[in-house]
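A, B, ... follow the sequence lines: proteins, then strands. Residue 1 opens every chain. Note that the structure is predicted; figures quoted are calculated from it, not measured. The figures here come from the full heavy-atom set of this structure, side chains too, leaving out hydrogens, waters and symmetry mates.
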Amino acid sequence: MIRSSDRDIRWLPGFNWITLCFFLFLYLPLIILVIFSFNATRSATVWEGFSLQWYAKAFSNDDIQSAAKNSLIIAAVSTLFSTVFATMAAIALGRNREIKHKTAFGGLLLLPLMIPEIVTAVATLTFFTAINLSWGIGNIIIAHTVFCIPFAYLPIQARLRGLDASLETAARDLYSDRKTTLRLITLPLLAPGIFSGAMLAFIISLDDFIITMMVAEAGSTTLPIYIYGLVRTGVTPEVNAVSTVLLGISVIAVLMSQWFAKKQ
Amino acid sequence: MQDAITINGLTKSYPGTPPVRALKGSDLSIRDNEFFTLLGPSGCGKTTLLRLIAGFEVPTDGTLKLFGENISKLPPEKRPVNTVFQHYSLFPHMNVLENVAYGLLRQGKPDARRTAQEMLDLVHLGEFAKRRPSQLSGGQQQRVALARALAPHPRVLLLDEPLSALDLKLRQSMRAELKRLQRETGITFVFVTHDQEEALSMSDRIAVMSQGEIQQVAKPAEIYEYPATRFVAEFIGDANFFEATPRASGDSAATYHVSDSIRFAGPAMPAKANGGKVTVMFRPEKARIVPGRADGGLGGTISDIEYLGNQTEYRVTLDDGLSVAVRSENRQDGSALADVGSRATVEVDPEAIRVLVA
């Protein structure tokens, strides 16, 4: 008989210490950041009482406002486009029997996940310069849309794989043409995967630094780039406050993504 | 009367090296208002034929007519044919009534919901209209799938092994239910199964298929009693087979020589045989076993006895080494006619002998 203690991996030497270190190094800085964003004074090391003044300051700062606006517009638009493209790609590769070399296309679609981001960033910048593209945040939206596609694609493709193709066949059998079947059967059943993919794409775009940094022109600063600029002149509670907001949005988006992915 | 479905030289190949020929130029007519069964082992092409009729597959060659109209090129949504799928394929995001009304709504029929409710009542699921398919048992889902496919009143209903996922008791009651629905609706049913018992008990006619070819099309009794090929004889029921050389003995009779000591008197040899070797066959229950030696039969030793409840099967090793199976109805006390190792004689009437060329 297997006792529950046999399956318990706590007997592994150093397990407790390693676990403790992991949580300490990963979450302690985050917790400190969040806590000191509520500090009453400028100090980033000594707690002097609760206050929301840094949030007030951050929200009334014009530069932060415009950076946040840019970030949200870029994230929203590139999420929309990348999710639409990812859905189309998933349906094409998952359902169209006439497309050949599906494995190769699927691999190419996911390859950007494995390419070092700095390489993509440099290449994108060179490309935009070469074709003389200068659309302000439009440049960033195009770059984000492209690299968000694989992130949006993964949950959609997983959902479609779990979806019995005979449901669509049944709809065709019951007098629905391709479009009606897509509208009434495939898309509604795919919806949790699409929302999950959209949430992922949104936070990936919102958080992105390297590519944005390369591609961004003057006047199209995003929140991560603005934060980076602030930090170079010293960490202020204002930065903490903005970072906490960004963290909050990401956490909510991830939780929503997980919730949609698990639906039904 | 016009046939419901007529297929001519219908072929389906899938690309590959070599290409897979799932259906090899078949001809078949399915009559209107008929309970027709496609029977065969997996991979015989029966499901391919069903999917071709439904429009889920495009034929490589040949024509497919529905009540005289060539529908080979029509997409599935344009064919007045509906399907009951093997795993039901009910839409999980719709309730039972919405599932049943789906086809009617797409056709733009007025009173779709009322008709759907009537269909649900017909399959005794009227009170489950608001449930989700996942809240129903397998048998109930099966009935919803039937109601959904019947609701648009198709001219032909296709059923793809619809009973295979149900347990034995439910399967048996669903057989009667399907027969009842077919009679009440007057719709032509094309039923696909690998289960010979299902096929024999439900069908008006059966097409037995093997390796993409239709072997025989006939009524259930004819399929069993007069199989056209060795495959049909082996696939449906059990049989004893012997290679034999025919010797004519009059216009309507012949003798079939299996070996020096074994010969069967049987019907005239088929013209196709052309005097060459043929296969002689008889069903185990059509032969008699007589304990001890008797004149005119095949002598041998009982090598095995299997008690089957209503019958007992005796395996007899004939004197020259060949083995035959004989089944007899059990006596009142269920005791065997003879013991293992004892001598016995197997008697086969000429009327029980079938001669197969293919």
message = Take a 6.0 Å sphere around CZ of B:Phe85 and say whether it holds more than 12 heavy atoms from other residues, nucleotides or ligands.
response = yes
Interface check, chain A: of B:Leu105, B:Asn82, B:Thr83, most non-hydrogen pairs under 4.5 Å belong to B:Asn82
Closest non-hydrogen atoms of B:Glu77 and A:Arg178, given as atom of the first, atom of the second and distance, are OE2-N, 4.4 Å
- Query: So, do A:Ile185 and B:Met94 sit near enough that their side-chain heavy atoms are less than 4.5 Å apart?
  - Reply: yes
* Are side-chain heavy atoms of A:Asp177 and B:Pro75 found at a separation under 4.5 Å? -> no
When the 4.5 angstrom heavy-atom criterion is applied to A:Asp173 and chain B, the contacting part is both
Distance col, row B:Tyr88:OH vs A:Asp164:CG, nearest 0.5 angstrom, shows 13.0 Å
- Item | B:Phe91 and A:Leu184, any side-chain heavy atoms less than 4.5 Å apart | no
### Query
Would the number of heavy atoms belonging to other residues, nucleotides or ligands and lying under 6.0 Å from CZ of A:Phe15 be above 12?
yes
| said: Does B:Lys65, at its NZ atom, have more than 12 non-hydrogen atoms belonging to other residues, nucleotides or ligands within less than 6.0 Å? | reply: no
* Side-chain heavy-atom pair A:Thr169, B:Pro76 within 4.5 angstrom cut-off -> no
Of B:Lys78, B:Arg79, B:Arg148, the largest count of non-hydrogen pairs under 4.5 angstrom with chain A goes to B:Arg148
Query raised in the report: With a cut-off of 6.0 Å (strictly less than), are more than 12 heavy atoms of other residues, nucleotides or ligands near CZ of A:Phe195?
Result: no
Most heavy-atom pairs under 4.5 Å with chain B, out of A:Ala171, A:Pro188, A:Ser166, A:Ser176, belong to A:Ser176
The interface call for B:Leu104 against chain A, heavy-atom contacts under 4.5 Å, is neither
Apply side chain to side chain contact (heavy atoms under 4.5 Å, CB included) to the pair A:Leu174 and B:Arg106, showing each step before the final yes or no.
CA-CA 7 Å; A:Leu174 292 161; B:Arg106 299 291 85 71; 5.7 Å; no
Of the listed B:Pro154, B:Ala54, B:Pro152, B:Ala149, the one with the largest count of heavy-atom pairs under 4.5 Å with chain A is B:Pro152
Check: Take atom CZ in B:Arg180; do more than 12 heavy atoms of anything else shown fall under 6.0 Å from it?
Finding: yes
Verify the neighbour count for atom OH of B:Tyr14: are there more than 12 heavy atoms of other residues, nucleotides or ligands below 6.0 Å?
yes
Minimal heavy-atom distance between B:Ser89 and A:Ala170, with the atoms involved, is O-CB, 4.0 Å
Check this for me: B:Gln140, atom CD, are more than 12 non-hydrogen atoms of other residues, nucleotides or ligands nearer than 6.0 Å? yes
Taking atom CZ of B:Arg171 as the centre, report whether more than 12 heavy atoms of other residues, nucleotides or ligands fall under 6.0 Å from it. yes
